[in-house]
Each structure stands twice: as structure tokens, then as C-alpha cells.
Amino acid sequence: MRTWGGSGWPTNQNVKNGKRRRWKTIRTVVDRLVEEKGFEDMTMREICAESGIGLSTFYNYFSSKDDLLFDRYHRLNTMVAQLSEEELAWLSPPDALKRLMSYMIENIRTRVFDMLLNYHQKELRHVQEWYRKEPYCLFQVIDDIVKRGIEDGEFRPDLDREWVRGYLWFLINGCTTMQCMTEEEFLKDSRMEREVERWIDSLRVS
């Protein structure tokens, strides 16, 4: 049953909830179509038909088909921020870094492959544009964890936060590239995660 405001129009909260549901529907449809047909063969008309919306409504949420890939970046930012607030903040800095990297690797491992491939290609081409539009949350989370670890005496005081951040980002990009090149074979076992954990342990105060 629709709830109305005093003026006879839907309340702002109902409007927001409706937009949120529609956004979620579009994202779910896109995930399924990409898995079934591939990103390039999926059309915007199909997305709209499956989502029960018109093309003009689609443009209220996304400016183009490629914007669906930026939406993945935005969603990952949101998920990392939520993980940091709800989980990482309560772990020791070494365990927080391990959990963060495990989360990122699992995200790569479980993504719809064709979407992962297209996202990665798009990100490499438009990384600066995306970062200007919305700063990458992962970098800030890594910086915060390393800073906390140094202040708490758990990480070596001479650690360069920018270097740690760059190295972990190098590992994430490398895992993504190898997952794409090997068509999802690279991360089928957990050796990479174990090596990352060993490296993080090497950052501890002796």
C-alpha cells in the first residue's frame, strides 16, 4: 500500500525507496544478462524490458551502457566503506589488512567473468576519470589501517604508507589481470591469499 504525504504526494522517503528498488532491479537484470549473453551483446532495450522500465527512466539512473561499469566501481567503493566501518575497524591492523585483501580477492573470484573482463578493461582506460569523479575508497582504508598499525606499535614505524598502498593495489590489479587471462583459473586455489597474508605479517614489528 502506498504511503502519501500530507500534500497528497508520495513522501520523500517513499520516493527514495522506490528509486533504490528500481536501481537494485536494474543491477540484478544487468548481472543476469551479462552472465547469459555477455556485456557487449546485451542491449539497453533488453535491460529496460527486463527491468520493466522505459529507456528514458534508464537514463535517470545511468548515462550510458558504459556507465554500468562505473556503477561497479561505485558499488565496490560502497562495499569497502561498509566493510571498513562494520568489520575492519574492530580488528587488529594486521588482521584488518588480511581481511580487506581476502575480501578483494573473493570479489574478483566470484564476479560474473564477462563483467569482470569489461570492467577491468574500462577501468584501465578511464582510471583517472573515475578517481576524479569518486575517490577510490580502498586507498583511504589501507592508509587508515597502516597508520593505526604504526600508532598502535603493531607495524614497523618506518613503513611508507604510500608504498604499502601501491603494493597491495599492484597485487589486486595483478590478480584481476591473471583471472581474466586464465579465464577464472588463477584464483581457484588459495595460494595467493596465503602469500598476501605472509607479506602482511612481514610488516609487523619484530
Side-chain angles (χ1 to χ4, degrees), residues 31 34-35 38-39 69-128 130-131 134-206:
D31 287 348
V34 168
E35 192 164 22
F39 185 82
L69 297 174
F70 174 79
D71 182 58
R72 285 301 177 112
Y73 168 77
H74 169 72
R75 289 161 68 180
L76 181 60
N77 258 354
T78 302
M79 289 187 291
V80 168
Q82 185 175 354
L83 178 73
S84 176
E85 183 178 333
E86 296 179 358
E87 191 172 337
L88 303 184
W90 308 101
L91 298 174
S92 70
D95 287 342
L97 269 190
K98 290 178 184 179
R99 175 70 183 104
L100 176 62
M101 291 300 291
S102 175
Y103 178 87
M104 295 300 295
I105 290 173
E106 188 64 17
N107 180 265
I108 297 167
R109 180 186 285 127
T110 58
R111 290 269 286 279
V112 175
F113 179 68
D114 197 71
M115 181 64 95
L116 174 69
L117 182 61
N118 278 276
Y119 173 87
H120 189 50
Q121 292 169 341
K122 178 78 173 178
E123 183 185 33
L124 291 176
R125 289 197 305 268
H126 297 276
V127 60
Q128 294 300 329
W130 284 11
Y131 290 1
E134 181 177 317
Y136 196 26
C137 182
L138 180 70
F139 291 163
Q140 186 60 55
V141 171
I142 292 173
D143 278 353
D144 290 345
I145 292 172
V146 174
K147 181 181 178 183
R148 179 161 60 92
I150 292 172
E151 291 174 348
D152 292 351
E154 297 200 54
F155 285 148
R156 300 196 312 266
D158 62 338
L159 275 183
D160 184 328
R161 280 186 286 163
E162 185 175 351
W163 183 85
V164 173
R165 182 184 67 197
Y167 185 73
L168 293 178
W169 179 230
F170 165 78
L171 290 177
I172 292 168
N173 262 316
C175 285
T176 306
T177 299
M178 290 301 299
Q179 187 78 340
C180 291
M181 288 176 63
T182 61
E183 297 188 352
E184 302 181 278
E185 291 293 321
F186 183 68
L187 293 177
K188 281 194 171 177
D189 63 48
S190 58
R191 279 179 293 179
M192 175 56 70
E193 286 158 284
R194 291 198 299 272
E195 289 303 316
V196 170
E197 288 184 358
R198 286 196 192 99
W199 184 81
I200 292 171
D201 282 333
S202 76
L203 306 179
R204 294 176 183 267
V205 173
S206 300

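Keep in mind that this is a model prediction, so the values were computed, not measured. Just so it is clear, the values below take in all heavy atoms, side chains as well, and ignore hydrogens, waters and symmetry mates.
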Q) Name the one of M192, E193, R194 that satisfies side-chain contact (heavy atoms from CB on, under 4.5 Å) with V196? A) M192

Q: Output, in order, the C-alpha distance, side-chain angles, deciding distance and verdict of side-chain contact (heavy atoms from CB on, under 4.5 Å) for E197 and L97.
A: CA-CA 9 Å; E197 288 184 358; L97 269 190; over 6 Å; no

Under a 4.5 Å cut-off applied to non-hydrogen side-chain atoms, are [X] and [Y] in contact?
X    : Y    : value
D158 : I150 : no
R161 : I142 : no
V146 : R165 : no
K98  : L91  : no
H74  : E134 : yes

Q. Ion pair present between D143 and K147, side-chain N to carboxylate O less than 4.0 angstrom?
A. no

Q | Residues R198, D201: salt bridge by 4.0 Å N-O rule | A | no

Q | W90, CH2 atom: more than 12 neighbouring heavy atoms under 6.0 Å | A | no

Q) Should we count CD of E106 as having more than 12 external heavy atoms under 6.0 Å? A) yes

For [Y], does its backbone N or O pair with a side-chain atom of [X] as donor and acceptor, under 3.5 Å?
X    : Y    : answer
D152 : P93  : no
E184 : Q179 : no
S84  : V80  : no
T182 : F186 : yes

Q. How are the rings of Y73 and W130 set to each other: parallel, tilted or perpendicular (split at 30° and 60°)?
A. tilted

(Q) Students often mix this up, so state it plainly: with edges at 30° and 60°, are the rings of W199 and Y167 parallel, tilted or perpendicular? (A) tilted

Enter the distance from [X]:[atom1] to [Y]:[atom2] here, rounded to the nearest 0.5 Å.
X    : Y    : atom1 : atom2 : result
F70  : R75  : CZ    : CZ    : 12.5 Å
M178 : E185 : CE    : CD    : 11.0 Å
E87  : L100 : CD    : CG    : 10.0 Å
C175 : I108 : SG    : CD1   : 5.5 Å

(Q) Ignoring hydrogens and geometry beyond distance, is a side-chain donor-acceptor pair present between D95 and S92 at under 3.5 Å? (A) yes

**Q.** salt bridge (Lys or Arg N to Asp or Glu O under 4.0 Å) between E151 and R148, intermediate numbers included
**A.** CA-CA 5 Å; E151 291 174 348; R148 179 161 60 92; over 6 Å; no

Shortest non-hydrogen contact between [X] and [Y], atoms and distance:
X    : Y    : value
I145 : A96  : CD1-CB, 3.8 Å
I200 : M101 : CD1-CG, 4.3 Å
L83  : R99  : CD1-NH2, 4.1 Å
P135 : N77  : O-ND2, 3.0 Å

Q.
Would L76 and L138 count as a side-chain contact (heavy atoms from CB on, under 4.5 Å) here? Give the steps.
A. CA-CA 9 Å; L76 181 60; L138 180 70; over 6 Å; no

Q | Aromatic ring proximity, centroids under 6.0 angstrom, Y136 and W169 | A | yes

Q) Checking side-chain contact (heavy atoms from CB on, under 4.5 Å) for the pair L69/F39: CA distance, chi angles, key distance, verdict? A) CA-CA 10 Å; L69 297 174; F39 185 82; 3.8 Å; yes

Q: Could you please spell out the steps behind the side-chain contact (heavy atoms from CB on, under 4.5 Å) verdict for M79 and N107?
A: CA-CA 10 Å; M79 289 187 291; N107 180 265; 4.1 Å; yes

